[in-house]
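Encoded as structure tokens, the structure appears first; notes follow it.
Note that these values count all heavy atoms, side chains included, but never hydrogens, waters or copies made by symmetry. Starting from 1, each residue takes its place in the sequence as its number.
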Amino acid sequence: MSLLQVNNISKAFGGVKAVNGVSFDLPGGQLLALLGPNGAGKSTCFNILNGQYRPDTGSIRFDGHEIGGMKPRDIWRLGVGRTFQISATFSSMTVVENVQMALMSRERKLFQLWRPAASFFRDEAMELLEQVGMAAQAQRPCGVLAYGDVKRVELAIAMANRPRLLLMDEPTAGMAPKERNALMALTKKLVVERNLSVLFTEHSMDVVFAFADRMIVLARGQLIAEGDGETIRNHPKVQEVYFGSGKTFEKEEAVS
């Protein structure tokens with residue numbers, strides 16, 4: 001059985017069907033890209049899975065639990081993590097303190113103010129930072145980090161809850177090609193080592209074709225294609241949606 005099973009979900013805003021009858025599944029240990037042009041319904045689909053929107057119809061099952069319509073925090077506590085297109089770190093706090101805050105939230109210790117926050121979960125926070133290559137910068141404020149390093153810290157924060165499913169919204173937005181590929185190579189490593197499932201949206205096709213195990217493509221709220229890189233690259237509906245009839249994807253390679 002797949003870890004995530006999405007069946008016929010729909011969401012309308014007024015008369016506009018932002019997501020219309022979308023179904024897919026995601027097994028453990030797989031990196032799945034959610035693609036589509038602007039207005040395709042990707043963000044709405046993400047927000048339904050994360051609990052920010054309640055689906056009008058359909059079912060979302062995570063590890064056997066129906067999560068459609070649950071609150072984001074309740075979904076998070078089941079083991080669904082998320083990173084955002086705009087990084088959400090505390091810029092005045094150090095790198096390690098940001099991760100410690102996430103660990104304290106997991107253990108519901110944020111309001112135990114009689115102990116200094118720095119005393120909680122420091123070793124575990126440092127282990128997470130080691131995994132994402134940020135241990136050497138643990139004492140630096142997040143506000144002074146390069147953008148690519150902030151994204152690594154955000155990944156460590158997301159992993160603090162020990163998620164089985166990670167939702168990544170435009171994880172490489174604003175990054176240079178070398179940074180993009182380094183971050184996604186790190187994510188792929190976590191997928192393999194932890195049997196982690198990742199669903200991510202992405203506009204950089206070099207990242208998608210280099211790292212995704214599978215891809216699903218939305219257009220006008222509907223799923224129009226799914227499969228591996230070659231299947232998507234050569235799919236006539238995908239070519240039409242992205243480029244117009246008669247044009248094709250050029251094969252892109254990861255930049256080292």
Side-chain angles (χ1 to χ4, degrees), residues 3-4 26 28-29 31 46-47 49-52 62-63 65 67 70-172 175 179 182-200:
L3 182 64
L4 177 68
L26 177 56
L31 197 60
F46 242 57
N47 288 333
L49 297 177
N50 192 51
Q52 291 175 297
F62 169 71
D63 196 23
H65 299 274
I67 63 172
M70 288 178 61
K71 293 180 180 179
R73 175 156 293 273
D74 294 330
I75 294 173
W76 177 75
R77 292 207 177 277
L78 286 174
V80 180
R82 181 168 181 179
T83 67
F84 295 85
Q85 183 174 351
I86 300 174
S87 295
T89 58
F90 296 101
S91 60
S92 63
M93 295 173 63
T94 66
V95 168
V96 69
E97 287 170 347
N98 269 270
V99 181
Q100 284 176 281
M101 287 290 288
L103 292 166
M104 290 167 65
S105 178
R106 184 192 74 195
E107 300 298 330
R108 308 188 186 199
K109 294 183 180 293
L110 286 177
F111 299 105
Q112 295 187 11
L113 301 181
W114 60 87
R115 287 181 58 190
S119 67
F120 286 101
F121 308 112
R122 184 176 179 82
D123 290 344
E124 188 174 352
M126 289 302 298
E127 288 176 10
L128 287 166
L129 291 173
E130 186 71 38
Q131 289 176 21
V132 300
M134 287 297 295
Q137 302 194 60
Q139 301 306 320
R140 300 187 71 197
C142 275
V144 303
L145 297 179
Y147 188 68
D149 289 337
V150 173
K151 287 289 190 176
R152 287 174 177 266
V153 175
E154 189 182 28
L155 182 57
I157 290 170
M159 296 303 296
N161 194 44
R162 302 170 186 160
R164 298 182 62 196
L165 169 64
L166 184 58
L167 307 175
M168 303 180 76
D169 188 9
E170 295 284 347
T172 71
M175 298 174 74
E179 290 179 314
L183 182 68
M184 292 311 297
L186 172 60
T187 303
K188 184 77 170 183
K189 181 173 179 284
L190 293 172
V191 166
V192 173
E193 291 180 350
R194 298 193 175 203
N195 197 36
L196 180 68
S197 298
V198 175
L199 175 67
F200 72 106

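- L31 CG to L26 CG: the interatomic distance, rounded to the nearest 0.5 Å, is 9.0 Å.
- Using a 4.5 Å cut-off on side-chain heavy atoms (C-beta onward), N161 and W76 make contact.
- Applying the side-chain contact (heavy atoms from CB on, under 4.5 Å) rule to T172 yields the partners M175, R180, L183, M184, E202, S204, V207; only residues at least two apart in sequence or on another chain are considered.
- Counting all heavy atoms, side chain and backbone alike, P141 lies closest to S92 at CB-O, 4.5 Å.
- The residue from M134, Q137, E179 that alone fulfils the side chain to side chain contact (heavy atoms under 4.5 Å, CB included) condition with R152 is M134.
- The salt bridge (charged side-chain N to carboxylate O under 4.0 Å, His left out) search around E124 returns R106, R162, not counting sequence neighbours.
- Side chains of N47 and R82: a donor-acceptor N/O pair is present below 3.5 angstrom, by distance only.
- Remark: Q52 CD is packed, more than 12 non-hydrogen atoms of other residues, nucleotides or ligands lying under 6.0 Å away.
- Among all heavy-atom pairs drawn from V99 and A156, the shortest one is CG2-CB, 4.1 Å.
- What you find for G29 and S197 is that their closest heavy atoms are N-OG, 3.6 Å.
- Looking at L196, T83, V132 one by one, the single match for side chain to side chain contact (heavy atoms under 4.5 Å, CB included) with M159 turns out to be L196.
- Here the closest non-hydrogen pair linking P163 and G81 is CB-N, 3.7 Å.
- Residues I157 and T89 come closest through the heavy atom pair CD1-CG2, 3.9 Å.
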task: Apply side-chain contact (heavy atoms from CB on, under 4.5 Å) to V153 and C142, showing your working.
output: CA-CA 8 Å; V153 175; C142 275; 4.1 Å; yes
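- Taking D149 as the reference, nothing meets the salt bridge (charged side-chain N to carboxylate O under 4.0 Å, His left out) condition, with sequence neighbours excluded.
- For R164, the salt bridge (charged side-chain N to carboxylate O under 4.0 Å, His left out) criterion is met by D63, not counting sequence neighbours.
- With sequence neighbours excluded, no residue forms a side-chain hydrogen bond (donor to acceptor under 3.5 Å, both in side chains) with K71.
- Between the CZ atom of R73 and the CG atom of L78 there is a distance of 12.5 Å, given to the nearest 0.5 Å.
- Screening residues 183-193 for salt bridge (Lys or Arg N to Asp or Glu O under 4.0 Å), with sequence neighbours left out, gives K188-D213, K189-E193.
- Note that the CG atom of L49 and the CD1 atom of I67 stand 6.5 Å from one another [nearest 0.5 Å].
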field: Candidate pair D169 and F200, rule side-chain contact (heavy atoms from CB on, under 4.5 Å), full reasoning
entry: CA-CA 6 Å; D169 188 9; F200 72 106; over 6 Å; no
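- With respect to L166, the side chain to side chain contact (heavy atoms under 4.5 Å, CB included) criterion is satisfied by exactly one of L155, V191, L190: L155.
- Annotation: side chain of K151 is not in contact with side chain of P171 (no heavy-atom distance under 4.5 Å).
- Nearest heavy-atom pair across L199 and F46 is O-CZ, 3.3 Å.
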